[in-house]
A.B. asks: 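Encoded as structure tokens, here's the structure I'll be asking about.
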There are 2 protein chains.
Amino acid sequence: MPRKPSYDRDALIAQARDIFWRHGWAGTSLKDLERELKLKPGSFYAAFGSKDTLYALALERYAQDGVASMGTLAEELGPLGALKAQPRRVIEASELPTKACMLAKTFAELQAKDHDLAAQARSHMVSMKTCFADLFRRAQDAGEIAPDHDPDRLASRYQSDLLGLRLSAERDDVNATEIAEDIAADLDRL
Amino acid sequence: MPRKPSYDRDALIAQARDIFWRHGWAGTSLKDLERELKLKPGSFYAAFGSKDTLYALALERYAQDGVASMGTLAEELGPLGALKAQPRRVIEASELPTKACMLAKTFAELQAKDHDLAAQARSHMVSMKTCFADLFRRAQDAGEIAPDHDPDRLASRYQSDLLGLRLSAERDDVNATEIAEDIAADLDRL
DNA sequence: GGGTTTCTTGAGCGATCGCTCAAGTATATA
DNA sequence: TATATACTTGAGCGATCGCTCAAGAAACCC
């Protein structure tokens with residue numbers, strides 16, 4: 001007897017992710033979301049409960065896609081190939097709402113407030129770091145990089161460099177492609 | 001016949017800088033500022049005109065101090081020494097309100113809105129990059145690094161790495177000291 | 001001390017924030 | 001087709017936002 005919702009919940013989450021990603025947590029008002037998602041306040045709260053709940057869903061989606069796409073890349077190019085390709089790939093993707101990492105932006109914005117979403121963003125960054133560490137480990141096992149390196153340490157540095165690169169890629173006074181190439185070149189010297 | 005203000009304007013700007021630095025633009029309300037600076041709304045607007053004006057002054061102060069402290073460091077340790085020391089120094093400074101760079105946080109938060117303050121933050125980042133490039137150039141002239149590098153490109157990469165490092169330093173799941181050491185070690189291989 | 005000028009104070013403005021809920025509407029089942 | 005069961009709508013809640021301004025207090029010059 002019920003009536004089905006007229007919206008695609010997954011699509012709305014993806015759309016919200018892009019808006020939050022671009023404008024941040026405080027920078028995105030419910031009015032913005034309601035306008036873009038074409039939802040009235042009532043439907044919005046029936047569907048998601050609160051702005052923060054939707055943000056958490058958006059973060060989760062973002063993180064899942066990130067890990068998944070590194071996995072796909074590794075299947076195509078192998079572990080070291082994927083790590084070397086990722087910097088260029090992430091700054092050249094023109095369909096992204098913004099170059100900078102959503103997890104990093106969220107963490108930077110909300111960490112000082114001890115907001116739950118900052119902790120969630122950090123936890124997703126840990127997953128991403130683990131993903132990188134696995135790739136470094138596999139590259140080491142394959143003999144693509146020297147065995148006298150700690151994969152976790154390499155992953156931390158790599159992730160840190162990527163965060164910096166992706167923020168730099170939003171600046172029009174910086175040649176992000178050169179930085180991406182230099183990061184990739186460093187991996188060949190390991 | 002006039003009456004002097006009872007506050008130290010420069011000290012208030014420094015205090016506001018620390019609050020904005022830590023909590024961001026949207027994350028800092030006038031109530032927060034009025035409470036911390038011990039100013040009533042009327043005095044606040046007599047002294048600074050608007051929240052954004054004060055933010056701009058805080059940004060400017062931040063950037064000036066940044067360039068100045070790199071200069072001091074270079075006098076002590078030489079150009080390459082300063083560049084190598086900076087990563088560790090910036091993440092070990094316990095008196096800072098937060099490890100991440102205020103220019104980067106501002107830029108990341110406000111760039112999507114095309115806010116004036118984002119443009120100002122970017123312009124300050126250019127100054128900082130120029131400062132790094134000068135040091136790389138001097139290090140090259142002194143024979144401390146090989147002459148076949150573009151100092152501007154080195155500076156862009158270095159600044160990008162520093163931004164990433166400083167954001168990573170706020171995560172308790174990352175050993176920022178190791179990253180800082182690795183960044184410094186890379187400079188020795190140039 | 002009187003007069004002038006500035007600074008200080010705080011109530012409160014209009015706008016916007018995230019969010020609620022009662023009324024109306026559409027759909028699936030019986 | 002009748003009824004039950006959602007979903008949709010939008011006015012508007014209390015709180016907070018950045019900010020204004022008129023009144024009072026304090027410091028300076030004569």
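Chain A is the first sequence line, chain B the second, and so forth, proteins listed ahead of strands; every chain is numbered from 1.
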A.B. asks: Among side-chain atoms of A:Thr98 and A:Glu170, is any donor-acceptor pair under 3.5 angstrom?
C.D. replies: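 Distance-only check passes for A:Thr98 and A:Glu170.
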
A.B. asks: From the list C:dT20, C:dT9, C:dG18, which nucleotide is the closest neighbour of the side chain of B:Lys40?
C.D. replies: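 The answer is C:dT9.
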
A.B. asks: Between A:Gln111 and B:Arg22, do the side chains contain a donor N or O and an acceptor N or O under 3.5 Å apart?
C.D. replies: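 B:Arg22 vs A:Gln111: no donor-acceptor pair found between side chains.
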
A.B. asks: Let me know the distance between CZ of B:Phe48 and C1' of D:dT20, rounded to the nearest Å.
C.D. replies: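 About 18 Å, once rounded to whole Å.
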
A.B. asks: Output the rounded distance in Å from CG (B:Leu37) to P (D:dG18).
C.D. replies: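 Taking CG of B:Leu37 and P of D:dG18, I get 13 Å after rounding.
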
A.B. asks: What does A:Tyr7 touch in the nucleic acid at a heavy-atom separation under 4.0 angstrom: a base, only the sugar-phosphate, or nothing?
C.D. replies: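 Since only primed, P, OP1 and OP2 atoms lie under 4.0 Å of A:Tyr7, the category is sugar-phosphate.
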
A.B. asks: Side chain of B:Ser43: nearest nucleotide among C:dA11, C:dC19, C:dT9?
C.D. replies: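 So the nucleotide nearest the side chain must be C:dT9.
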
A.B. asks: Looking just at side-chain N and O atoms, do A:Tyr55 and A:Thr106 make a donor-acceptor pair shorter than 3.5 Å?
C.D. replies: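 Side chains of A:Tyr55 and A:Thr106: pair found under 3.5 Å.
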
A.B. asks: Atom CG of B:Leu30 and atom P of C:dT16: how far apart are they, to the nearest Å?
C.D. replies: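 To the nearest whole Å, that distance equals 16 Å.
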
A.B. asks: What about the rings of B:Trp21 and B:Tyr62, do their centers lie closer together than 6.0 Å?
C.D. replies: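 Yes: the rings meet the under 6.0 Å criterion.
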
A.B. asks: When the C1' atoms of the five terminal pairs at each end define the local axes, what inter-axis angle does the helix from C:dG1-D:dC30 to C:dA30-D:dT1 show, to 10 degrees?
C.D. replies: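 Answer rounded to 10°: the end axes differ by 10°.
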
A.B. asks: Nearest-Å distance, CZ (B:Phe44) to C1' (D:dC17)?
C.D. replies: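 It is 13 Å, rounded to the nearest whole Å.
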
A.B. asks: Distance to the ring centre below 6.0 angstrom and angle to the axis at most 45 degrees; does that hold for B:Lys105 and B:Trp25?
C.D. replies: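 Because its charged atom misses either the 6.0 Å distance or the 45° angle limit, B:Lys105 does not stack over B:Trp25.
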
A.B. asks: Assess the side chains of A:Arg137 and A:Gln140: does a donor N or O sit below 3.5 Å from an acceptor N or O?
C.D. replies: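 Not at all, the side chains of A:Arg137 and A:Gln140 share no donor-acceptor pair under 3.5 Å.
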
A.B. asks: Any luck finding a side-chain donor-acceptor pair between A:Ser50 and A:Thr53 under 3.5 Å?
C.D. replies: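 Distance-only check passes for A:Ser50 and A:Thr53.
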
A.B. asks: Nearest whole angstrom, please: distance from the P of D:dT16 to the CD of B:Glu34.
C.D. replies: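 The answer, rounded to whole Å, is 14 Å.
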
A.B. asks: Pairing donors with acceptors under 3.5 angstrom, does anything connect the side chains of A:Gln64 and A:Arg61?
C.D. replies: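 Note: A:Gln64 and A:Arg61 side chains miss the donor-acceptor criterion.
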
A.B. asks: Output the single nucleotide from D:dG10, D:dT8, C:dG18 whose closest atom is nearest the side chain of A:Ser29.
C.D. replies: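 Nearest listed nucleotide: C:dG18.
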
A.B. asks: Rounded to the nearest Å, what distance is computed from the OH atom of residue A:Tyr45 to the C1' atom of nucleotide C:dC19?
C.D. replies: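 The answer, rounded to whole Å, is 5 Å.
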
A.B. asks: Could you tell me if the ring centre of B:Phe44 sits under 6.0 Å from that of B:Phe48?
C.D. replies: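 So the answer is yes for these two rings.
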
A.B. asks: In whole angstroms, how far is the P atom of D:dC19 from the CG atom of B:Leu33?
C.D. replies: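 Roughly 11 Å, once rounded to whole Å.
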
A.B. asks: For DNA chain C, determine which residues of residues 51-62 of chain A have any heavy atom closer than 4.0 angstrom to one of its atoms, and list them numerically.
C.D. replies: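 Hits under 4.0 Å, by residue number: A:Lys51.
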
A.B. asks: C:dG10 C1' sits how many Å from B:Leu39 CG, rounded?
C.D. replies: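 Roughly 13 Å, once rounded to whole Å.
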
